[in-house]
Amino acid sequence: MCGIVGAVAKRNVVSILVNGLLRLEYRGYDSAGLVVVRDGKLDRVRSNGRVAELELKSANTYGELGIAHTRWATHGVPSERNAHPHISRDLIAVVHNGIIENYETLRTGLTTQGYEFTSDTDTEVIAHLIHSHYAQGNLLAATQQALAQLVGAYAIGVVAADNPHQLIAARKGSPLLLGVGECEHFVASDMSALLQVTKNVVYLEEGDVVEVNLADYRIFDAQGKAAQRPVHVSELNNDSVELGEYQHYMQKEIHEQPQALANTLESVCNSQSLVPGIFGAEANNIFPKIENILILACGTSHHAGMVARYWLEELAGIQCTVEIASEYRYRTSVANPKTLVVTISQSGETADTLAALNHAKATGHAFTLAICNVPESAIIRQSKLRLLTRAGPEIGVASTKAFTTQLAALFLLTLVLAKTRGRLSAEKEQQFLHELRHLPSAVQKVLALEPQIAEMSKHFADKHHALFLGRGLHYPIALEGALKLKEISYIHAEAYPAGELKHGPLALVDKDMPVVSVAPNDALLEKLKSNLQEVRARGGELFVFADADTQIKEAEGIHILQMPEHAGFLSPILHTVPLQLLAYYVALQKGTDVDKPRNLAKSVTVE
Ligand code: M6R
């Protein structure tokens, strides 16, 4: 939540800040702002709208040192007065991502000292605190003193009006990285914001504070000791964060799925056998010891975990529980040290998932594995084992290619565990490897159905509710389809295992309730067909995504999207794609902001 960019250079940094914010807007888009230092003064521009508006407003602004922010509101409504940067007494300016939990106490103390608050944010206390310690003109020391008083999570950027070439940044619980240029330096919430200026990046660690100057930078660790951090060369390129020929990032990302899957599976598909080592060196020791699996995740990533449960129990014969991360940490659970705790996260910085992982570790779980799309993210760094999905940056708030690559990664985990437990014959292993190699082209075939799905979406334009049905390992796919639809089209959508309809939800079915069903040609097909008849008998209009050979026929009130042949265990991956496209085209019909749906943000770094 919230995106930060900062720059110090021997040139105007305003366009660098604005272009950086445009890349980070997926993190929050309630308001935006920037401040530059010029002639001993702070020049601040803010807008209670999108970054594009800030760009217009700051067209004539000049400064060689500045910080900027795009906001997802936590404390205080979205408004210009609550937009960052926040300034203390015309001297100190701060941008912040995270939540300061003790801000009310600090605010009371600062008010007593005579500080006036002009916003409702928690961030403003940081600006005043730093100001209160800045008497000797040492911005680094003042920031460190202020940070010692904060409880909560933060990534911050700080500048002072009388310090024209220095920027201080710090992180604890929220991501921040440092971009290294030639006699110019930058900070940002993620690398996509900095590709315009450098590919050299230093990942700041928990508790790091960095003093950034024109010519150099100094990093101090959580204990205040000077620290060395390696400079990496980012593998990202600008194309991966550009829209290109597409209208929206979501559409682009749906279409990138064949490549994202091929990248995620690359090392495995190029080899002749599956080895635990793909999850990290220690997997060889850990996997034979584990007795069961606990999956922790949120939202779409949680749905991926739900699919994996079916695979893990059936193919690897290993008991698996899947929990919503935000719930897990608040219930008393019984830890089993032989449980493998698997966290799934696109961003690797979801606060609920991170907190659940730490809770699991604190209760005695030592075996942790992260499936994540962002290298160097907090969840990756805090887990013993890992498998990176290689979907590339996902910018649309609605998760698409991250989900299907998570499924691919979880299928690999299933196969490796099945093999470790002696449940995967050499012949079966080769068969699954073959199916995985074929997966990108199978997804490509489904993408070719886009025009039919666009046509189908027209039936939803005037609807307020929708039901999604699936059975077995496609029930989580129905959940994912419903989440996509509600998230970007604002149509209220619910998903049910089809057999559950008659236990209540059937009461909702009438001609105004479209019912979307995932219909794979699997063992539950005949049961599903009966469930669909129950819907049709009550006047419900059906939209069925049916595998070839299911013999479900188009008829009045029954619309069929003909999918390719059944893909066996990998079928959930194929059946996800048309539901993503359906949500996308319904959102287009509704005219919503597809990539930035209301009230949401991409990375949910607050609890
Ligand atoms: O980055 P994560 O995978 O941890 O994010 C989890 C959820 O916030 C995320 O999947 C969310 O549900 C998506 N917006 C759904 O499209």
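As the structure lists them, so they are numbered: ligands from 1, and atoms in each ligand from 1.
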### Query
Which bit of Glu487 gets closer than 4.0 Å to ligand 1, counting heavy atoms only: side chain, backbone, both or neither?
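The part of Glu487 near ligand 1 is the side chain, not the backbone.
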Just to confirm my output: which protein heavy-atom neighbour is closest to [atom], and how far is it?
atom                   : answer
atom 8 (O) of ligand 1 : Val604 CG2, 3.8 Å
atom 7 (C) of ligand 1 : Cys298 O, 3.7 Å
atom 1 (O) of ligand 1 : Ser347 OG, 2.7 Å
atom 4 (O) of ligand 1 : Thr350 OG1, 2.4 Å

### Message
Please confirm whether Lys484 approaches ligand 1 to less than 4.0 Å, judged on its heavy atoms.
### Response
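In this structure, Lys484 qualifies as a contact of ligand 1 - some heavy atom is under 4.0 Å.
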Atoms of ligand 1, numbered as shown, that sit under 4.0 Å from any heavy atom of [X]:
X      : result
Thr300 : 10 (O), 12 (O), 15 (C), 16 (O)
Ala398 : 16 (O)
Ser301 : 2 (P), 3 (O), 10 (O)
Gln346 : 1 (O), 2 (P), 3 (O), 4 (O)

### Message
Evaluate Leu204 against Val210 for side chain to side chain contact (heavy atoms under 4.5 Å, CB included), listing each step before the verdict.
### Response
CA-CA 8 Å; Leu204 297 177; Val210 57; 3.8 Å; yes
Can you check whether [X] and [Y] have ring centres sitting under 6.0 Å from each other?
X      : Y      : answer
His575 : Phe545 : no
Phe403 : His303 : no
Tyr249 : Tyr26  : no

### Message
Quick one about Thr400 and Gln580 (side-chain donor to acceptor, distance below 3.5 Å, no hydrogens or angles considered), yes or no?
### Response
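The answer is no; no qualifying pair exists.
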#### Entry: Donor on one side chain, acceptor on other, Thr300 and Lys484, under 3.5 Å
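There is such a pair between these side chains.
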### Task
Mind telling me whether His559 and Phe543 have parallel, tilted or perpendicular rings, with 30° and 60° as the class edges?
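The rings of Phe543 and His559 lie parallel, inter-plane angle below 30°.
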Output yes when the distance from some N or O of ligand 1 to some N or O of [X] is under 3.5 Å, and no in every other case.
X      : value
Ser345 : yes
Ser399 : yes
Val397 : yes

